[in-house]
Colleague: 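Below is one structure. I have some questions about it.
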Amino acid sequence: MIKLIASDIDGTLIEESTPDLYPEMAEEIRSLAARGVLFCATSGRQLPSVKNVFRDVADQICYIVENGAHIHYQGKDLSVTPMKREYAQEIVGQLRTLDPGFDFVVSTPQGSLIESKNQEFLDLMIHGYHNSFRQVEDVLKEEAVILKIALYHEGSIRELGERELIPAWKDRVQVCVAGEEWVDFMDRSVDKGNGLAWIQSRFGILPEETMAFGDNTNDIGLMKAAYYSYAVENARPEVKEAARFSCPSYEQKGVLQAIRERMR
């Protein structure tokens with residue numbers, strides 16, 4: 001019997017960097033809640049952005065956001081995992097040396113901090129992700145708990161991430177390509193799969209009672225934490241290899257199709 005369903009958002013449930021959930025999925029979440037099944041939104045996004053996506057059912061679901069650094073349910077933070085300050089300082093210093101066209105966001109439990117003055121990037125944060133953020137001159141001078149640092153490059157950042165950033169940082173922090181245009185840095189313990197395992201323990205739910213959906217390499221942990229693990233059709237090869245099952249892409253509303261089929 002399925003008691004917990006966790007789904008990545010961008011590229012899995014909906015198109016990358018879009019703000020709206022389709023109505024049929026919201027209705028399915030309501031139906032699941034009525035049957036006692038917990039739906040968990042998992043994302044590298046920040047909490048306000050994810051809550052905006054699920055605004056029609058926001059109080060009925062659980063959130064594993066910032067790739068697992070922030071777990072939230074029914075108005076309460078259940079778990080917050082900060083980065084080591086010295087690592088955050090070094091990463092920010094490195095990201096500041098990159099060519100124009102690279103922008104970064106520093107996530108805190110209260111929202112994001114952004115140094116960039118690139119209006120196209122700021123518009124993406126406002127209108128695409130619906131992020132809550134403050135523009136500051138120096139993110140490191142802010143007295144804030146840092147959950148995640150995310151580097152953005154329009155189009156694709158994968159080559160830089162896999163060639164340079166991941167090899168340079170993988171022994172000190174959790175670093176991954178999160179969507180084609182983002183590289184995320186978090187505390188070494190942070191992973192969506194660890195977040196899902198935390199929720200399973202908190203609510204007494206087994207992996208065999210869990211479904212999970214993903215498309216990118218930061219979703220591999222989800223695939224390992226749930227027996228009913230699904231890679232969407234457009235998923236990375238590594239995710240398909242880690243998953244037990246597959247379903248159509250977000251364009252065909254594959255997550256919804258798989259849930260309805262499994263829950264019949």
Side-chain angles (χ1 to χ4, degrees), residues 2-68 70-75 123-132 152 154 178-182 192 195-196 199 210-219 222-223 226 228-236 239-240 243-264:
I2 301 298
K3 297 181 180 179
L4 172 62
I5 299 174
S7 179
D8 171 57
I9 299 173
D10 295 290
T12 298
L13 189 59
I14 57 176
E15 185 178 0
E16 179 79 29
S17 74
T18 51
D20 300 317
L21 184 69
Y22 50 90
E24 302 98 308
M25 191 66 210
E27 186 56 38
E28 185 67 23
I29 290 171
R30 292 188 190 95
S31 176
L32 291 168
R35 289 180 281 170
V37 179
L38 178 62
F39 185 89
C40 187
T42 73
S43 180
R45 297 197 198 190
Q46 62 162 228
L47 182 62
S49 175
V50 179
K51 278 194 168 184
N52 176 71
V53 172
F54 291 89
R55 54 191 175 273
D56 293 334
V57 290
D59 60 343
Q60 298 182 48
I61 70 172
C62 181
Y63 301 87
I64 299 174
V65 292
E66 309 289 11
N67 284 321
H70 191 181
I71 300 175
H72 185 89
Y73 182 58
Q74 294 187 336
D123 286 344
L124 177 66
M125 295 298 99
I126 296 167
H127 304 297
Y129 289 104
H130 286 247
N131 268 17
S132 172
Y152 173 83
E154 185 179 5
E180 199 62 31
E181 299 176 323
W182 293 92
K192 288 185 182 181
L196 184 56
I199 290 294
T210 307
M211 295 179 74
F213 298 86
D215 76 308
N216 219 314
T217 48
N218 64 330
D219 298 319
L222 289 178
M223 303 298 98
Y228 295 99
S229 54
Y230 287 78
V232 290
E233 184 180 345
N234 54 289
R236 294 281 303 172
V239 182
K240 291 181 177 179
R244 285 189 174 87
F245 304 94
S246 63
C247 66
S249 72
Y250 67 85
E251 294 177 314
Q252 285 76 49
K253 302 177 180 176
V255 172
L256 178 63
Q257 288 189 45
I259 291 173
R260 286 178 171 173
E261 180 179 347
R262 181 67 60 183
M263 300 297 292
R264 279 191 298 203

Colleague: Give the intermediate values and the outcome of side chain to side chain contact (heavy atoms under 4.5 Å, CB included) for residues Leu32 and Met263.
Modeller: CA-CA 9 Å; Leu32 291 168; Met263 300 297 292; 4.0 Å; yes
Colleague: How far apart are the closest heavy atoms of Met211 and Ala258, and which atoms are they?
Modeller: CE-O, 4.0 Å
Colleague: If you round to the nearest 0.5 Å, how far is NE2 of His70 from CG of Leu47?
Modeller: 5.0 Å
Colleague: Does Tyr129 offer a backbone N or O that forms a donor-acceptor pair with the side chain of Asn52 under 3.5 Å?
Modeller: no
Colleague: Testing the basics here: between Leu196 and Ala212, what is the closest heavy-atom pair and its distance to 0.1 Å?
Modeller: CD2-CB, 4.3 Å
Colleague: So how far is it from His72 NE2 to Cys40 SG, rounded to the nearest 0.5 Å?
Modeller: 11.5 Å
Colleague: Check for a donor-acceptor pair, side chain of Asp8 on one end and backbone N or O of Phe213 on the other, with a separation under 3.5 Å.
Modeller: no
Colleague: Counting only heavy atoms from other residues, nucleotides and ligands, does the tally under 6.0 Å from NZ of Lys240 exceed 12?
Modeller: yes
Colleague: Mind checking whether Val57 and Phe39 have side chains closer than 4.5 Å, heavy atoms only?
Modeller: no
Colleague: Looking only at atom types and distance, does a side-chain atom of Ser132 sit under 3.5 Å from a main-chain N or O of Pro48, one as donor and one as acceptor?
Modeller: no
Colleague: Identify the heavy atoms of Gly11 and Val232 that sit nearest to each other, and give their distance.
Modeller: O-CG2, 3.8 Å
Colleague: Do Asp20 and Arg55 have side-chain heavy atoms sitting under 4.5 Å apart?
Modeller: yes
Colleague: Do Ile14 and Tyr250 come within less than 4.5 Å of each other through their side chains, counting heavy atoms only?
Modeller: no
Colleague: Test side chain to side chain contact (heavy atoms under 4.5 Å, CB included) on Arg260 and Leu256; report intermediate values, then the result.
Modeller: CA-CA 6 Å; Arg260 286 178 171 173; Leu256 178 63; 3.5 Å; yes
Colleague: If you measure from CG on Asn67 to CH2 on Trp182, what distance do you get to the nearest 0.5 Å?
Modeller: 11.5 Å
Colleague: Within the side chain of Glu16, is there an N or O that forms a donor-acceptor pair under 3.5 Å with the backbone of Gly179?
Modeller: no
Colleague: How many angstroms lie between CZ in Arg262 and OH in Tyr228, if you round to the nearest 0.5 Å?
Modeller: 5.5 Å
Colleague: In Å and rounded to the nearest 0.5 Å, what is the CD1 to CG distance from Ile2 to Leu38?
Modeller: 12.5 Å
Colleague: Starting at CD1 of Ile199, measure out to OG1 of Thr210 and round the result to the nearest 0.5 Å.
Modeller: 10.5 Å
Colleague: Give me the atom names and distance for the closest heavy-atom approach of Gly214 to Ala235.
Modeller: O-CB, 4.0 Å
Colleague: Is it possible for you to check whether Arg45 lies under 6.0 Å from the centre of the six-membered ring of Tyr63, through NZ or CZ, and within 45° of that ring's axis?
Modeller: no
Colleague: For the pair Arg35 and Glu28, evaluate salt bridge (charged side-chain N to carboxylate O under 4.0 Å, His left out) and give the outcome as yes or no after the intermediate values.
Modeller: CA-CA 11 Å; Arg35 289 180 281 170; Glu28 185 67 23; 3.6 Å; yes
Colleague: Could Glu24 and Arg30 be called an ion pair, given the rule that one side-chain N must be under 4.0 Å from one carboxylate O?
Modeller: no
Colleague: Of all the heavy-atom pairs spanning Val53 and Thr18, show the shortest one and how long it is.
Modeller: CG2-O, 4.2 Å
Colleague: Tell me whether the count of non-hydrogen atoms from other residues, nucleotides or ligands lying under 6.0 Å of CD in Gln257 goes above 12.
Modeller: yes
Colleague: Is the shortest heavy-atom distance from the side chain of Val239 to the side chain of Met223 under 4.5 Å?
Modeller: yes
Colleague: What do the steps show when you test Leu13 against Lys253 for side chain to side chain contact (heavy atoms under 4.5 Å, CB included), and what is the final call?
Modeller: CA-CA 7 Å; Leu13 189 59; Lys253 302 177 180 176; over 6 Å; no
Colleague: Under 4.5 Å between any side-chain heavy atoms of Ile259 and Met25, yes or no?
Modeller: yes
Colleague: Could you report the tightest heavy-atom contact between Ala178 and Asn218, atom names first, then the distance?
Modeller: CB-ND2, 3.5 Å
Colleague: Can you name the one residue among Ile71, Ile9, Val50, Thr42 that meets side-chain contact (heavy atoms from CB on, under 4.5 Å) with Val65?
Modeller: Val50
Colleague: Using a distance-only test with no angle check, is there a side-chain donor-acceptor pair under 3.5 angstrom linking Gln252 and Ser249?
Modeller: yes
Colleague: Can you tell whether the side chains of Asp219 and Arg236 come within less than 4.0 Å, N to carboxylate O?
Modeller: no
Colleague: Show your reasoning for whether side chain to side chain contact (heavy atoms under 4.5 Å, CB included) applies to Thr12 and Val255.
Modeller: CA-CA 7 Å; Thr12 298; Val255 172; 3.9 Å; yes
